[in-house]
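A quick write-up on the structure given underneath.
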Amino acid sequence: MTAIRIDGNALAAKVRERIAADVVQLKARGITPGLAVVLVGDDPASQVYVRNKAAACAKVGMHSVIHRLAAETSEAELLLCIDALNNDATIHGILVQLPLPKQIAEKRVLEAVAVQKDVDGFHAENVGALMIGEPRFVSCTPAGCMEMLKDIGMSDLRGKHAVVVGRSNIVGKPMAMLLLHANATVTICHSGTKDLAAQCRQADVLVAAVGKPRFITADMVKPGAVVIDVGINRLPESEGGKLVGDVDFAAVSEVAGYLTPVPGGVGPMTITMLLQNTLVAANLAAT
Ligand code: GUN
């Protein structure tokens, strides 16, 4: 079997066209959706992500600002910046790029973002809303994965077994919840899981979010399964230095029914969902 490649770039382009059209409508009512991205420190990967997010905003006609703060910024200074953005009427969405430097408590910062501007969906109130099945802002990466499933006709997963490998607050946990709301039977696997391969082989939908290059091998995949690769890992220069996912793409292609590539899979959908959430936030502010 050769898996069908789910093209994240193509799907992202389609969704962004719709978002751009909605932005035009909002602008006609005098509202330009605005996103503020806050970056503390100079982590090279975060610099790239933040630049890409701002560029994506511009392409759909949204306003965006990047607040770059020094690595030694105190928690109090960062909280002041967030407070100003919470009170800025031109800003509808606020994203604080993670990870934060050690001197700053991530939880306090994420809780400081106004719930109605929390386009990352990281505030406890938004996490709770997802948990009880009344999602408002949902973490962008899992939301993007669900759009990909919808696009291949798998929006209802009744009778299907979904396995999520990874239990982070950003991806694993919200992903499992979204799959559950789509009626899948869900298993969450992690570093403490016994016989991970056997668990993964149960999956009709397998989501890999572990952050380990080519961790999911062909023997861990049920023939015909849908495999969603959330990982973005840079190989060492000695191995070519390229970006790879958490899935051994070439080998798993021979077993899976559908597979997302890295790059060009989940990544573009994550940013698209950020734009979508910013649009929702701007609409909320407009009503
Ligand atoms: N760092 C890695 N992924 C993310 C994300 O989705 N949002 C934020 N704010 N930081 C991240």
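This is a predicted model, so every value here is computed, not measured. Remember, it's 1-based here, ligands and their atoms both numbered in the order they're listed.
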Could you give the N/O to N/O pairs under 3.5 Å linking ligand 1 and the protein, each with its distance?
| residue | atom | partner | partner atom | Å |
| --- | --- | --- | --- | --- |
| ligand 1 | 1 (N) | Q97 | NE2 | 3.3 |
| ligand 1 | 1 (N) | L98 | O | 3.0 |
| ligand 1 | 7 (N) | D120 | OD1 | 3.2 |
| ligand 1 | 7 (N) | D120 | OD2 | 3.3 |
| ligand 1 | 9 (N) | V96 | O | 2.8 |
| ligand 1 | 9 (N) | D120 | OD2 | 2.6 |
| ligand 1 | 10 (N) | L98 | N | 3.0 |

Exercise for review: Please identify each residue that fulfils salt bridge (charged side-chain N to carboxylate O under 4.0 Å, His left out) with K14, with sequence neighbours left out.
Suggested key: D151
Exercise for review: Applying salt bridge (Lys or Arg N to Asp or Glu O under 4.0 Å), run through E147 and K150 and close with a yes or a no.
Suggested key: CA-CA 5 Å; E147 283 294 311; K150 198 163 92 184; 3.4 Å; yes
Review point. Under the side-chain hydrogen bond (donor to acceptor under 3.5 Å, both in side chains) rule, what pairs show up with a residue in residues 23-36, not counting sequence neighbours?
Key: none
Using distance only, find each side-chain donor-acceptor pair of residues 42-52 under 3.5 Å and give its atom names and separation, not counting sequence neighbours.
| residue | atom | partner | partner atom | Å |
| --- | --- | --- | --- | --- |
| D43 | OD2 | S46 | N | 3.0 |
| D43 | OD2 | S46 | OG | 2.9 |

Practice item. Apply side chain to side chain contact (heavy atoms under 4.5 Å, CB included) to C145 and V266, showing your working. Key: CA-CA 6 Å; C145 294; V266 173; 4.0 Å; yes
Review point. Are V23 and L274 grouped together when hydrophobic residues (ILVMFWY) are joined by side-chain heavy atoms under 4.5 angstrom apart?
Key: no
